[in-house]
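For reference, the structure is listed below as structure tokens.
Protein chains get the first letters and strands the later ones, always in sequence-line order, with residue 1 at the start of each. Since we're looking at a predicted model, the values are computed, not measured.
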Amino acid sequence: MDTDSIPEEEKRRVKLIVVLLVGPPGSGKSTFCNHVMRASSRPWVRICQDTINNGKLGTRAQCLKNAARALKDEKSVFIDRCNLDRDQRAEFVKLAVSGIDVHAVVLDLPAQVCISRSVKRTAHEGNLQGGKAAAVINQMLQKKELPKLSEGLARITFCQNNSDVQDAICAYSALGPTETLPGGYFGQKSPDAKTQLGILKFLKKLDGPAYPRPDLCCPEGSLSNHITQEMQTRPEGVGHASLLSGTHLDLKDRKHLAAESVGAAVALNSIGDCAAFDNAPTLAFPSISTADFQFDLEKASEIIVETVLEYANKLRNFRLVLVDLTHKSKILSLVKAKAAQKNINSNKFFTFVGDITRLFSEGGLHCNVIANAANWRLKPGGGGVNEAIFTAAGPMLEAATKEQAKSLTPGRALVVPLPSTSPLFSREGVTHVIHVLGPNMNGQRPNCLNNNYDEGCKVLKEAYSSLFEGFLSIIFRTELMSAQRNGKKLRTDQPELQGHNDKFQENGLSSDQKTKGAIIYEAEKNQKCKGYSKYKVGLVDADSQGGKEHQDLECDGGAAKGWDIWAQSLYHIAMHPERHENDVLESFCDVAVVINDLYPKAKRHVLVLARMEGLDHLADVHQEHLQLLKIIHETGIRWAENFLQDDASLIFRLGYHSAPSMRQLHLHVISQDFDSVHLKHKKHWNSFNTAFFRDSADVIEEVSRNGKATLRDDESLLSAELRCHRCRSAHPNMPCLKLHIRKCQAPFPPPLLQNDRLVQAPTKASANP
DNA sequence: GTTCTAGAAC
DNA sequence: GTTCTAGAAC
């Protein structure tokens, strides 16, 4: 974005950032910068010492000079050099003056990875390639000194694998010109480590707030034993978090904070699995209705665990944290016990003792969303969590809330994006507050249910479902905003879809976090449906979707569910893209994965896989997956457009097979030349050129309107006569058809030219209305 | 999803 | 001889 296009008043608020990339050659520093710069709406300058001198190696002084010049031009800066030790970083840290933050992004990938990348390079800017790379990198890593906040850095993000890198790219890509990221340590790494430390070592050596590992259950007996022993000797109320935050913190100055695994029975598969959740979107929530509203604790804990269980498998990478101020909290013990019984994944759900308004600053637990046990008037005061949150957030929370709704009914949740000026945002990294109103059993408070627990349990369940739905929708909207920031808008002129777009723009992480439309989340009342993001704009009546034949989307943990082994390869790639690095073209913000079709049926044919359990095929798609469908669509469009840059003569169609052979929802992005040796059978042709193929834009429209897509999976479509997709002429067999389509240049049938079903180069599109 | 095979149809 | 189809195996 050109700074000239930023309005004057905005310009004054532009928040500049200097990001020092820290990592040896081959760690992906330049790639990181390029990804962010391509996707970001903020102006960036990449300063690379390897090329700064007219394309040749330059000096640190030149880098500094260029950085200062870029900042003067109100451009944020990437310092793309190794920056491996403190001295190398020091001069750049001095660029931090008023209004300019200096961050570090540490690309701490295994040395072998960096060496292997460097060895393979053929055109590295610094001419470090081939065999000498290994020696140089090993030498450099000997001197590595991980950065610390005390050097003067405002934020340090540690990336230890590709997934961490992707997350960091997303975080920086999503930053508008006036935004910044919360300060502190992100990711987990002891700044004192020279090499990858054993996990216990690095947990004990953190020198500042970092994510604690409350959920730590190590498969190796030695570690868990060690921790158990330490817990036995620590002062009461001081849990893992304090232990993990290490010896540099004065425990006396801290409130007693304890993070506790609620699923201790579940051992993690590997330490890597723990790390995957460190940067996951996290919702911290208090127990609803059990304090002032005097709801029965036993029943409440049952409902919490039951609802968490339903949501825990809906998305791969997020965390839910039940928070209470006191270690002796009965509700925490009850929930802990019940969650352990149910074997809930302790990465995704755990309890935490602490002040919900100071989880990061005092407990090192970063939660980007917190829930408020609100009152029906959505007003501050009244003590408890409500008063604490309104006080900590400042008056802007009341104003932001008021803009959205004046009151809340029991069982509902209201998502309020927090203005970036709020201390909760800047200090704790909280981007949204979700107000929740639970059922009341206290005669001294409004809407008392007089011990009617049939109704009470129903309402409490709705309250938690609404809360979790609100949280998941924030994740989806954030992903979508990120997609839109890539400079592409959803390709649809459907008024209904446009409306959804507007909603996202209003309620996503906009630069000033302002919102207009109110989104009230309500639980799906039909217990048969386990959908999770049904939302409506404005204050709406709670109505049931009643009678809809929703499928149970519960996760099966990877079981075949009737799919043969050969049909599961896409599923495995979607669930574990890190294990298929050679196949994965792009992993988009943990939501979608792009791969080449193994047997492409055209010159260009890629698949966009949904990274969500339980979405085996189009039949599993419902209203709650709308955002995901849009992200997949957007990703597909982006790939089509990339291909068009290479070959403007191509035309793409995006869609789903009504009844795919392979498990895991996947979007086909396929060029319409159908020029491929793999296109052999009638079934191949008809699966892309009859109603069996459902255009992505139509699917989105149908799901948005009807909550599901129309499927045309009758076998007769696949065995229908062969017809050219352009001129509709019939052909006796595949060779004849293939001969014909090679030369047929007839315009596409009118239905294909509507609703953006075809993606083509702009000049072609205008010539082919 | 693919490959392979056998037999039918042309 | 070539193409198509269906079924089995993976």
Side-chain angles (χ1 to χ4, degrees), chain A residues 556 558-577 579-586 592-621 632 636 639 652-696 699 709 711-725 729-744:
Chain A
D556 66 2
K561 271 207 302 198
W563 297 84
D564 283 324
I565 290 170
W566 58 260
Q568 310 235 29
S569 56
L570 299 183
Y571 168 80
H572 291 302
I573 294 172
M575 291 303 125
H576 300 286
R579 296 182 195 163
H580 301 84
E581 282 190 352
N582 293 337
D583 298 316
V584 172
L585 301 172
E586 181 192 2
V593 165
V594 183
I595 59 168
N596 272 315
D597 190 300
L598 187 58
Y599 299 97
K601 304 297 185 293
K603 281 182 182 164
R604 296 290 192 181
H605 185 183
V606 296
L607 305 178
V608 186
L609 315 182
R611 292 202 64 200
M612 185 188 271
E613 279 278 5
L615 269 192
D616 289 349
H617 49 182
L618 204 47
D620 294 326
V621 169
I632 290 174
W639 274 84
F652 284 88
R653 202 171 162 196
L654 283 66
Y656 301 86
H657 283 154
S658 288
S661 304
M662 307 293 281
R663 178 185 184 193
Q664 198 62 18
L665 183 72
H666 56 279
L667 174 77
H668 289 271
V669 179
I670 184 166
S671 59
Q672 295 297 293
D673 47 84
F674 292 105
D675 177 3
S676 164
V677 291
H678 299 291
L679 184 78
K680 295 173 179 171
H681 305 306
K682 181 183 265 188
K683 189 175 169 180
H684 291 154
W685 179 258
N686 283 336
S687 71
F688 289 102
N689 290 290
T690 64
F692 185 88
F693 188 81
R694 301 289 296 113
D695 289 279
S696 175
V699 166
L711 304 179
R712 299 289 308 278
D713 55 350
D714 27 324
E715 281 295 312
S716 61
L717 287 170
L718 296 177
S719 53
E721 63 181 341
L722 295 166
R723 282 189 178 275
C724 171
H725 58 317
S729 58
H731 300 269
N733 53 46
M734 283 300 289
C736 294
L737 176 75
K738 289 182 80 171
L739 267 177
H740 169 79
I741 57 175
R742 202 181 287 177
K743 57 181 195 294
C744 180

Donor-acceptor contacts, no H, no angles, side chain residues 713-720 of chain A, under 3.5 Å, sequence neighbours left out:
| unit_1 | atom_1 | unit_2 | atom_2 | d |
| --- | --- | --- | --- | --- |
| A:D714 | OD2 | A:S716 | OG | 3.4 |
| A:S719 | OG | A:E715 | O | 3.3 |
| A:S719 | OG | A:S716 | O | 3.4 |

Taking protein heavy atoms under 4.0 Å as touching, what does nucleotides 1-7 of chain B look like 5' to 3' if B marks base contact, S marks sugar-phosphate-only contact and - marks none?
BSS----
Please name all residues satisfying side chain to side chain contact (heavy atoms under 4.5 Å, CB included) with A:K682, sequence neighbours left out, ordered by chain then number.
A:N686, A:L722
Which residues pass the side chain to side chain contact (heavy atoms under 4.5 Å, CB included) test with A:H681, sequence neighbours left out?
A:H684
A:H740 meets the ring pair (Phe, Tyr, Trp, His ring centres under 6.0 Å) criterion, sequence neighbours left out, with A:H731
Distances for protein N/O vs nucleotides 8-10 of chain B N/O pairs under 3.5 angstrom?
none

Which residues pass the side chain to side chain donor-acceptor pair (under 3.5 Å) test with A:D695, not counting sequence neighbours?
A:R653
Residues forming a side chain to side chain contact (heavy atoms under 4.5 Å, CB included) with A:S661, sequence neighbours excluded:
A:W566
Hits for side chain to side chain donor-acceptor pair (under 3.5 Å) against A:S658, two or more places apart or cross-chain, chain-then-number order -> none
